[in-house]
Each structure stands twice: as structure tokens, then as C-alpha cells.
Amino acid sequence: MVERGNGGAIVSVSSQASKAALQNHTVYAATKAALDAITRVMALELGQHQIRVNAVNPTVTLTDLGRLCWSDPAISKPMLDKIPLGKFAEVEDVVSVILFLLSDKAAMVHGVTLPVDGGFLAT
């Protein structure tokens, strides 16, 4: 992107786990927090080239693996109880935000980590 000189946009997929402590998620949370930091540094470094850099921080997302891991109500209910909207994200919920951040409609959105979490981080 820098060599082309046309600007552009980069969106990383992080997690709400980078912003809130989740039991048994030490390594996962640490790596996602690192990705958030990388996003901010890249925003600082690439902004001069008109390259916007952002990240999304979704809650549990119901991919095939997500459905498998979170299908047991004993596991999913405690997490769902912390989400004001009372549901996990569908893949399309996350994809829609990514497409927005990649679009010209987000021309002044730069260096952010955007929760896609149904309000989890508001609690």
C-alpha cells in the first residue's frame, strides 16, 4: 500500500478479550491485546501514507467453531448474561462492521478498536 501511494485501509480482528478479563483466556487475551497495540502503532506509522488502520473487537461470534464451543447452555449462559443485547454475534454482524471500516464512509475512523459485542464492555 505504501509503495502504491494510493492509501487504503487495514482492519484486524481482535476480541473483547483484549479489553475485559475472561476466565481461562490468559494467552488469548494477551495476544488480542497485542493486536490492539499493533493497530494503534500502525495507525500512527501509516497515517502519513493515508492508510487507515483499525480493529474490531467482537464478542463470541457464531462461526461453526463458535457454535460448537458455545452450544452448551451451562457454558454460554454466564457469558450471554453479561451481554445487554442477550445474544452472541453472527458472522455477518462482524463482517458488516469490517466492511464499513474498509469503506470511504469511515474516512476519518483511524486507530480505533471497535467493540462488536452487544454491549458487553458497557457492563
Side-chain angles (χ1 to χ4, degrees):
M1 282 184 200
V2 173
E3 288 177 11
R4 280 195 337 245
N6 295 9
I10 298 168
V11 178
S12 299
V13 179
S14 184
S15 171
Q16 70 185 11
S18 71
K19 301 191 173 295
L22 301 174
Q23 191 76 29
N24 301 316
H25 281 71
T26 303
V27 173
Y28 182 77
T31 59
K32 293 302 187 172
L35 183 57
D36 287 358
I38 290 167
T39 298
R40 289 187 300 273
V41 173
M42 287 178 63
L44 183 64
E45 293 176 351
L46 296 177
Q48 65 184 323
H49 301 287
Q50 299 304 302
I51 299 170
R52 295 181 297 104
V53 184
N54 297 291
V56 293
N57 300 70
T59 187
V60 172
T61 304
L62 297 176
T63 61
D64 291 342
L65 181 60
R67 288 182 196 286
L68 179 67
C69 292
W70 293 90
S71 61
D72 181 351
I75 295 171
S76 62
K77 185 175 182 335
M79 179 65 84
L80 285 168
D81 287 346
K82 295 178 183 178
I83 301 173
L85 290 182
K87 61 184 180 178
F88 294 138
E90 296 291 338
V91 172
E92 185 62 28
D93 296 324
V94 180
V95 169
S96 294
V97 176
I98 293 169
L99 290 174
F100 166 71
L101 290 171
L102 290 171
S103 77
D104 291 341
K105 294 183 186 298
M108 284 298 290
V109 182
H110 183 56
V112 303
T113 54
L114 182 60
V116 184
D117 67 354
F120 176 88
L121 292 172
T123 62

Measure the spacing between [atom1] of [X] and [atom2] of [Y] and express it to the nearest 0.5 Å.
| X | Y | atom1 | atom2 | value |
| --- | --- | --- | --- | --- |
| N54 | S14 | CG | OG | 12.0 Å |
| T39 | L44 | OG1 | CG | 12.5 Å |
| T59 | K87 | OG1 | NZ | 12.0 Å |
| W70 | L62 | CH2 | CG | 10.0 Å |
| R40 | L35 | CZ | CG | 10.0 Å |

Nearest heavy atoms of [X] and [Y], plus distance in Å:
| X | Y | value |
| --- | --- | --- |
| A20 | L121 | CB-CD2, 3.8 Å |
| R52 | S103 | NH2-O, 3.0 Å |
| G118 | P84 | O-CD, 3.3 Å |

Under 3.5 Å: donor-acceptor pair, side chain of T63, backbone of G66: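 Yes, because the side chain of T63 sits within donor-acceptor range (under 3.5 Å) of the backbone of G66.
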
H49 side-chain N/O to G47 backbone N/O, donor-acceptor pair under 3.5 Å: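 Between the backbone of G47 and the side chain of H49 there is no qualifying donor-acceptor contact (under 3.5 Å).
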
Residues which pass salt bridge (Lys or Arg N to Asp or Glu O under 4.0 Å) with K77, listed by chain and number, not counting sequence neighbours: D81

Qualifying residues under salt bridge (Lys or Arg N to Asp or Glu O under 4.0 Å), relative to E90, sequence neighbours excluded: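 Residues passing salt bridge (Lys or Arg N to Asp or Glu O under 4.0 Å) with E90: R67.
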
Of all pairs that satisfy side chain to side chain donor-acceptor pair (under 3.5 Å), the ones with a partner from residues 106-123, not counting sequence neighbours: K19-T113

Over 12 foreign heavy atoms within 6.0 Å of CG, D72: yes

For a 4.5 angstrom cut-off between non-hydrogen side-chain atoms, does [X] reach [Y]?
| X | Y | value |
| --- | --- | --- |
| P78 | K82 | no |
| L22 | M79 | yes |
| M1 | L46 | no |

Please go through [X]'s hydrophobic cluster and name the other residues, only I, L, V, M, F, W, Y counting, with side-chain heavy atoms under 4.5 Å joining them.
| X | value |
| --- | --- |
| V13 | V11, V56, V94, V97, I98, F100, L101, L102, V109, V112, L114, V116 |
| L68 | L65 |
| V95 | V91, L99 |

Cluster check V41, V2: I/L/V/M/F/W/Y, side chain < 4.5 angstrom: no

